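A short write-up of the structure that comes next.
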Amino acid sequence: MKEFELKNGNKMPALGLGTSGLRGKECTQVVKEALELGYRQVDTADMYGNHRAIAEALNESDVRREDLFITSKIQSEDLEYKKLKKAADRLLNELDLKYFDLLLIHWPSPEVPVEESLKAMKELKEAGKAKNIGVSNFTIPLLKEALAAYPDLITVNQVEFHPTLYQKELLDFAFKNDIILTAYAPLAQGEVFENSVLKSLGEKYDKSPAQLALRWLVEKNIAVIPKASSKAHLKNNLEIFDWDFPIDAAREMELLDQNNRLIDPGYPNFD
Ligand SMILES: NC(=O)c1ccc[n+]([C@@H]2O[C@H](COP(=O)([O-])OP(=O)(O)OC[C@H]3O[C@@H](n4cnc5c(N)ncnc54)[C@H](OP(=O)(O)O)[C@@H]3O)[C@@H](O)[C@H]2O)c1
């Protein structure tokens with residue numbers, strides 16, 4: 001599995017399993033299958049309500065804890081200092097883990113200063129409860145605010161990113177500040193399968209639109225966390241590393257951007 005190095009020297013698998021929408025027995029089964037196939041990163045969040053189901057899969061798996069990379073996220077109502085610390089302990093308990101590999105602020109809040117949440121997260125890191133700290137859905141102005149408060153703390157920004165939402169300015173800013181982007185909804189929640197350019201490139205190179213989209217992102221040093229629930233999809237999404245990315249596919253995919261944002265709750269201002 002290809003890995004990206006974070007600014008603190010720690011490594012993060014370039015591909016992980018997204019688990020939004022997976023719950024209960026189905027979630028446990030999918031995570032188990034993913035681990036058997038070779039996935040090592042699992043992305044979850046308090047909001048997904050599946051920590052216990054994931055814990056069951058992790059506990060039943062033979063994969064050593066140090067080889068896993070588990071990401072979870074603090075939801076908006078828990079961003080105040082004390083609440084955040086309490087929430088982190090609860091999430092660890094639900095996941096049956098001693099530490100997160102990556103703990104993220106799920107969404108920025110207009111009410112709680114980011115400095116306050118980051119202070120709590122820094123202390124969680126110092127206490128060994130999170131190996132790496134990051135944010136999600138942060139725009140450039142919000143990243144600047146976070147970097148001004150804690151210049152070395154933030155290693156990752158998890159954002160919506162796919163060929164029809166090519167956030168080049170954000171990617172450049174992240175690169176300059178040694179922050180890795182993780183693409184959520186990397187398959188545009190299934191829309192890549194309807195894209196005529198991706199379909200014809202897929203036919204030409206015998207790859208699925210999912211594989212082309214994921215590889216396009218990884219080529220840009222963006223980590224990907226596609227959600228899949230069937231073994232065939234899990235396997236398909238994993239097989240993106242062992243072939244050359246055709247130059248004409250890369251070139252054509254640069255032109256697919258339509259500012260096609262699928263997730264926008266109104267804050268932050270993405271325009
Ligand atoms: N930080 C945030 O605010 C945030 C927001 C949204 C999502 N996320 C994270 O990002 C993850 C991924 O995003 P997402 O779930 O919204 O969308 P996505 O990964 O772009 O798309 C998932 C959809 O694609 C299908 N699919 C996956 N692989 C396929 C393949 N090889 N062939 C055909 N269909 C395939 C899945 O179907 P099946 O299920 O049938 O396989 C599912 O319907 C989430 O699960 C979550 O972990 C984070």
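Residue indices begin at 1 and follow the sequence shown. Please read these numbers as outputs of a predicted model, since none were measured by experiment.
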Side chain to side chain contact (heavy atoms under 4.5 Å, CB included) between I225 and T182, worked out: CA-CA 7 Å; I225 45 166; T182 295; 3.9 Å; yes
Counting only N and O atoms by type, is there a donor-acceptor contact under 3.5 Å from the side chain of [X] to the main-chain atoms of [Y]?
| X | Y | value |
| --- | --- | --- |
| Q211 | E239 | yes |
| R40 | G16 | no |
| N260 | L165 | no |
| N157 | F138 | yes |
| Q167 | F161 | no |
| N177 | F173 | yes |
| Q41 | P13 | yes |

Kindly give the heavy-atom pair with the smallest separation between [X] and [Y], and that separation in Å.
| X | Y | result |
| --- | --- | --- |
| L234 | A34 | CD1-N, 4.0 Å |
| A130 | I133 | CB-CD1, 3.8 Å |
| A88 | F100 | O-CZ, 3.6 Å |
| L187 | P226 | CD1-CB, 4.1 Å |
| R23 | Y48 | NE-O, 3.3 Å |
| S136 | Y184 | OG-CE2, 4.4 Å |

Can you tell me how far [atom2] of [Y] sits from [atom1] of [X], rounded to the nearest 0.5 angstrom?
| X | Y | atom1 | atom2 | value |
| --- | --- | --- | --- | --- |
| M121 | I154 | CE | CD1 | 8.5 Å |
| L35 | L58 | CG | CG | 6.5 Å |
| E36 | S61 | CD | OG | 8.0 Å |
| F4 | N10 | CZ | CG | 15.5 Å |

May I ask you to decide whether [X] forms a salt bridge with [Y], counting only side-chain N to carboxylate O separations under 4.0 Å?
| X | Y | answer |
| --- | --- | --- |
| R65 | D101 | yes |
| D43 | K73 | yes |
| K85 | D89 | no |

Is the shortest heavy-atom distance from the side chain of [X] to the side chain of [Y] under 4.5 Å?
| X | Y | value |
| --- | --- | --- |
| L118 | I105 | yes |
| L238 | L15 | yes |
| M253 | L201 | yes |
| K83 | L79 | no |
| V156 | N132 | no |
| F69 | E3 | no |
| L198 | L256 | yes |
| K125 | L103 | no |

Holding to side-chain contact (heavy atoms from CB on, under 4.5 Å), I want the full list of residues that pass it with K32, two or more places apart in sequence or in another chain.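 K32 satisfies side-chain contact (heavy atoms from CB on, under 4.5 Å) with T28, A57, E60 only.
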Using the test side-chain contact (heavy atoms from CB on, under 4.5 Å), find all partners of E219 that sit at least two apart in sequence or belong to another chain. R215, F245
Report, as yes or no, whether the 6.0 Å neighbourhood of atom [atom1] on [X] holds more than 12 heavy atoms from other residues, nucleotides or ligands.
| X | atom1 | answer |
| --- | --- | --- |
| K7 | NZ | yes |
| F241 | CZ | yes |
| I247 | CD1 | no |

When you look at E160 and F270, which way does the side chain to side chain contact (heavy atoms under 4.5 Å, CB included) test go after all the steps? CA-CA 11 Å; E160 183 178 342; F270 287 120; over 6 Å; no
Just do the side chain to side chain contact (heavy atoms under 4.5 Å, CB included) check on N137 and Y267 with the steps written out, would you? CA-CA 9 Å; N137 296 300; Y267 184 85; over 6 Å; no
Pair N237, Y39 - check side-chain hydrogen bond (donor to acceptor under 3.5 Å, both in side chains), show working. CA-CA 10 Å; N237 297 346; Y39 284 73; 4.6 Å; no
Side chain to side chain donor-acceptor pair (under 3.5 Å) against [X], all qualifying residues, sequence neighbours excluded:
| X | result |
| --- | --- |
| K199 | none |
| D248 | K204, Y205 |
| K122 | E126 |

Go through the steps for N269 and T139 under the test side-chain hydrogen bond (donor to acceptor under 3.5 Å, both in side chains), then give the verdict. CA-CA 8 Å; N269 181 3; T139 55; over 6 Å; no
Go through the steps for K168 and D172 under the test salt bridge (Lys or Arg N to Asp or Glu O under 4.0 Å), then give the verdict. CA-CA 6 Å; K168 197 165 183 323; D172 289 344; 3.7 Å; yes
Name all pairs fulfilling the salt bridge (charged side-chain N to carboxylate O under 4.0 Å, His left out) condition that reach into residues 253-270, sequence neighbours left out, sorted by first residue then second.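 Qualifying pairs: K220-E254.
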One pair to check against side-chain hydrogen bond (donor to acceptor under 3.5 Å, both in side chains): T19 and N50. What are the steps and the verdict? CA-CA 8 Å; T19 65; N50 59 18; 3.1 Å; yes
Checking E123, E116, E115 against K119 for salt bridge (charged side-chain N to carboxylate O under 4.0 Å, His left out), the one that qualifies is E123
Between L171 and I222, is the side chain to side chain contact (heavy atoms under 4.5 Å, CB included) condition met? List the steps. CA-CA 9 Å; L171 180 61; I222 301 174; 3.8 Å; yes
So if I apply the side-chain contact (heavy atoms from CB on, under 4.5 Å) rule between L22 and each of I54, T44, V30, V31, which one comes out positive? V30
